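These numbers come from a predicted model, not from an experiment. Proteins come first, then strands; the chains are lettered A, B, ... in the order of their sequence lines, and each starts at number 1.
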Amino acid sequence: MPKFYLTTAIDYSNGDPHLGHALEKVGADAIARYRRLRGDDVTFLMGMDEHSQAVVEAAEQNGYSPEAWVERMALRFAEFWERLQCSHDDWIRTTEPRHRQAVTELIQRIERLNPDDLYTGEYEGLYCVGCEEFKQPAQIVDGRCIEHPTLELVPTKERNHFFRLSRYRDALLGRIRSGELAVEPAIRRNEILRLLEDGLQDISVSRQRLSWGIPFPGDPEQTVYVWFDALINYLSATGYPAEGYQRLWPADLHVVGKGITRFHCVIWPAMLLAAGLALPRKVWAHGYVQWEGAKMSKTTGTAVTLGEAIDRHGPDALRYFLLREVGFEADGNFSWERFDERYTADLADGLGNLASRALAMLSKYRDGVVPAGGEPTSLDGAGAATLEQYGEAMDALDLRGGAEAAWGLVANANLYIQQTAPWKLAKEAREEELDASLAALARVLYRLAVLVSPFIPGKAQALWEALGVGGSAASASWTSLAAPPVEGVSIRKPEPLFPKPASV
RNA sequence: GGCAGGGUAGCUCAGGUGGUUAGAGCACGGCACUCAUAAUGCCGGGGUCGUGGGUUCGAGUCCCACCCCUGCUACCA
């Protein structure tokens with residue numbers, strides 16, 4: 001059983017989770033669930049990034065100590081991920097001892113293996129008060145920050161520890177070009193390659209005067225810069241440096257937002273190279289959720305809370321909408337109108353109604369017992385084709401394509417019902433044909449329950465239980481999809497899977 | 001400012017290397033059916049393919065200019 005270790009970005013403890021966070025977690029969760037279906041030994045990691053100045057400020061503003069604040073935020077995030085049925089196997093927080101230990105050890109390991117890679121220096125640069133960060137030449141036009149052209153840049157000096165990132169340009173370029181470190185989708189890969197081609201500068205990896213962080217090894221005056229700290233969480237969760245961490249490391253997939261690809265595709269792999277550790281196999285950078293066509297800002301981001309979006313049609317529906325309509329590659333749009341349309345068309349009238357009509361006919365014409373099927377039908381042929389298309393899309397992390405494939409089978413099933421017209425067969429007592437049709441429908445429901453389970457795990461399970469095959473949709477074997485073992489099982493007519501309120 | 005990607009039906013998008021009446025899904029209109037959450041199936045209306053030039057027998061599909069949008073532009077989760 002091959003291991004599959006995947007991670008999401010850990011979330012910053014300075015605000016509530018919103019739709020953007022949710023897209024990433026739900027997307028990674030769908031991938032984790034799909035890998036489990038395919039038989040991988042999956043370890044799925046999520047967590048919280050709890051250090052940095054911004055967290056201290058958020059805590060102060062809300063009248064909490066940093067410790068109490070991050071504790072509160074972690075519970076809040078975890079609660080949402082639970083509602084959205086995220087199936088993570090581990091939950092890491094950067095304030096945990098296991099993480100502090102891994103960070104300390106990793107830095108010491110770099111000092112040991114490549115003593116030249118870490119050095120102290122004066123960081124001297126132009127600081128933009130608007131951005132609260134040092135600006136680089138490329139971001140300065142006419143002596144001013146591009147983002148804040150009305151503000152003067154302030155020359156600032158600070159003693160820091162530096163990481164010799166510049167040394168790793170060629171190594172990174174080679175590994176990304178060769179695909180040894182896969183960066184996807186292609187647009188992100190191109191961006192990173194261009195960045196590398198332009199050359200790298202060393203980066204400062206510590207901060208003075210900030211006590212809320214991990215002490216820099218050998219220099220208690222400084223703490224580890226939040227990014228250098230945060231990235232290491234993926235390694236901390238494997239148990240590093242304790243023996244056995246190689247069972248999980250290297251990670252098979254880091255799922256991150258497109259805004260932080262550079263950290264994951266340049267800084268993080270360079271850190272690992274310096275420490276002589278294996279690089280992650282793949283980084284996937286998803287796009288952002290836009291709200292009614294506009295970028296989600298702090299103001300519009302709070303216009304729709306994650307809680308509201310979940311309450312609208314339930315967690316499964318939100319997961320489906322994010323992955324099918326918003327998408328996991330480019331930016332996508334979220335609007336109530338589209339959400340309602342998708343809910344009605346794909347979930348209620350599509351999958352939900354298909355389940356209702358098929359189960360109702362099994363119940364009505366065969367007392368709820370799935371008859372022997374006989375020969376595979378055209379619907380089984382469509383099922384096999386769907387399986388292939390679905391697997392291909394999901395393997396490529398094309399979640400939208402996977403959902404399209406599964407829902408295409410819903411359409412095939414509805415068409416099959418129309419064509420075979422079981423009610424007509426029943427009236428004319430054409431028993432064998434009726435058996436064949438109803439058995440084919442039971443098989444398609446079995447296939448669908450499994451295929452949609454990465455997207456809508458809760459409803460997939462409800463459908464599974466209505467079918468009465470036992471066990472769970474999530475743990476069904478992939479090979480059983482070729483010939484679903486439904487003959488003779490007793491189905492149970494469920495409540496509508498996706499009820500349609502009069503208002504929608 | 002630099003670099004990259006994009007602007008195709010009301011909405012979301014397909015349309016390698018130019019070639020018959022420009023496609024899909026959703027939404028909309030009509031018909032059929034009744035097993036189903038008035039659901040489903042069939043048919044149909046609907047597009048000057050961002051703008052202006054050019055190459056060509058022929059261009060969403062190639063070239064030039066322009067307009068608009070998005071992303072990246074190193075310490076922003």
Side-chain angles (χ1 to χ4, degrees), chain A residues 8-15 20-21 24 48-49 52 54 123 125 131-142 146-147 160 162-163 165 186-188 190-192 194-195 197-205 207 225-228 230-231 256-264 266-267 287-288 290 293 295 324-327 330-333 335 337-338 341-342 344-350 352-365 400 404 407-408 410-411 413-426 437-438 441 493 495-501:
Chain A
T8 63
I10 50 177
D11 297 310
Y12 220 19
S13 301
N14 67 347
H21 293 100
E24 173 170 303
M48 300 297 293
D49 182 7
S52 97
Y123 190 90
C131 299
E132 290 292 348
E133 66 186 35
F134 287 102
K135 306 311 290 187
Q136 300 304 313
Q139 293 175 297
I140 298 171
V141 172
D142 297 331
I146 315 174
E147 315 278 338
N160 286 142
F162 280 74
F163 173 57
L165 183 64
I187 181 171
R188 304 301 156 209
N190 294 340
E191 281 174 6
I192 293 297
R194 227 174 306 119
L195 177 87
E197 282 156 8
D198 289 347
L200 296 175
Q201 289 173 24
D202 293 348
I203 53 170
S204 73
V205 296
R207 285 293 180 272
Y225 175 59
V226 63
W227 264 104
F228 212 72
L231 287 164
V256 302
K258 67 181 183 181
I260 54 174
T261 47
R262 191 174 49 250
F263 297 93
H264 288 81
V266 177
I267 298 177
Y288 289 156
Q290 305 198 322
K295 197 169 172 176
R324 172 67 190 266
E325 173 93 5
V326 177
D331 290 357
N333 200 227
S335 73
E337 197 189 358
R338 289 296 295 167
E341 283 172 5
R342 279 288 186 191
T344 303
D346 296 0
L347 299 176
D349 296 349
N353 183 240
L354 171 68
S356 289
R357 64 197 303 214
L359 292 169
M361 288 190 284
L362 276 160
S363 163
K364 191 166 181 175
Y365 302 134
R400 184 187 302 218
E404 268 171 24
W407 264 266
V410 172
N414 275 323
L415 184 56
Y416 178 79
I417 293 175
Q418 191 73 19
Q419 286 169 344
T420 56
W423 53 91
K424 203 171 149 195
L425 300 175
S437 175
L438 295 178
L441 290 176
K493 261 188 83 173
E495 290 300 299
L497 237 37
F498 298 96
K500 210 157 53 166

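- Nucleotides B:rU20 and B:rA4 have their P atoms positioned 32 Å apart, rounded to a whole Å.
- Distance, A:Arg188 CZ to B:rC3 C1': 14 Å, rounded to whole Å.
- No engagement by A:Gly257 is indicated, since no non-hydrogen atom pair under 4.0 Å with the nucleic acid exists.
- Judged by centroid separation below 5.5 Å and plane tilt below 30°, A:Phe263 does not stack onto the base of B:rA77.
- B:rC49 and B:rA22 have their P atoms separated by 11 Å, given to the nearest Å.
- Between A:Ile260 atom CD1 and B:rC72 atom C1' there is a gap of 15 Å when expressed in whole angstrom units.
- Between A:Arg188 and A:Glu191 there is a salt bridge, since a side-chain N of the basic residue sits under 4.0 Å from a carboxylate O of the acidic one.
- The pair A:Glu197-A:Arg194 fails the salt-bridge criterion, with no side-chain N (NZ, NE, NH1 or NH2) lying under 4.0 Å from an Asp/Glu carboxylate O.
- Counting non-hydrogen atoms under 4.0 angstrom, A:Ala360 reaches the backbone sugars and phosphates but no base.
- On the C1' atoms, B:rG44 is 25 Å away from B:rG60, given to the nearest whole Å.
- Both distances falling under 3.5 Å, in either a Watson-Crick or a G-U wobble arrangement, place B:rC57 opposite B:rG19.
- In this structure, the CZ atom of A:Arg338 is 5 Å from the C1' atom of B:rC11, given to the nearest Å.
- No engagement by A:Leu359 is indicated, since no non-hydrogen atom pair under 4.0 Å with the nucleic acid exists.
- Here B:rA77 presents its P atom at 16 Å from NZ of A:Lys258, a figure rounded to the nearest Å.
- Ring geometry for A:Trp227 against A:His264 counts as perpendicular: the plane angle is over 60°, on a 0 to 90° scale with 30° as the lower cut.
- For B:rG44, the paired nucleotide is B:rC28, the pair qualifying as Watson-Crick or G-U wobble because both relevant distances are below 3.5 Å.
- Figure legend. B:rA4 is base-paired to B:rU70; pairs are counted as Watson-Crick or G-U wobble with both atom distances under 3.5 Å.
- Here the separation of B:rG46 from B:rG23, taken at their P atoms, is 13 Å to the nearest Å.
- Counting any heavy atom pair closer than 4.0 Å across all strands shown, A:Leu497 reaches a base atom.
- At a threshold of 4.5 Å between non-hydrogen side-chain atoms, the residues A:Val326 and A:Asn333 do not count as touching.
- Across all strands, A:Leu231 comes closer than 4.0 Å to base atoms (heavy-atom distances).
- Residue-to-nucleotide proximity on RNA chain B shows that, of A:Trp227 and A:Arg194, the 5′-proximal contact is made by A:Arg194.
- Spacing between B:rG18 and B:rA24 at atom P, rounded to whole Å, works out to 25 Å.
- Considering only the side chain of A:Tyr12, B:rA77 comes nearest among B:rU37, B:rA27, B:rA77.
- Among the atoms of the strands shown, none is found under 4.0 Å from any heavy atom of A:Ile187.
- If you check every strand for non-hydrogen atoms under 4.0 Å, A:Leu195 touches nothing.
- Atom CG of A:Asp198 is separated from atom C1' of B:rG2 by 10 Å (rounded to the nearest Å).
- Within 4.0 Å (heavy atoms only), A:Ala9 reaches at least one base atom of the nucleic acid.
- Across all strands shown, A:Asn190 has no heavy atoms under 4.0 Å from either base or sugar-phosphate atoms.
- A:Ala421 comes within 4.0 angstrom of nothing in the nucleic acid, heavy atoms only.
- Distance CD (A:Glu197) to C1' (B:rA4): 12 Å, rounded to an integer number of Å.
- A:Asn414 has its CG atom 14 Å from the P atom of B:rG25, to the nearest Å.
- Among the heavy atoms of the strands lying under 4.0 Å from A:Gly199 is at least one base atom, whether or not backbone atoms are also near.
- Only the C1' atoms considered, B:rG16 is 27 Å distant from B:rC11, to the nearest whole Å.
- Within 4.0 Å (heavy atoms only), A:Lys424 reaches no atom of the nucleic acid at all.
- A distance of about 31 Å separates the P atoms of B:rC3 and B:rG19, rounded to the whole Å.
- The side chain of A:Ser356 approaches B:rA36 more closely than any other nucleotide in the set B:rA36, B:rG41, B:rC35.
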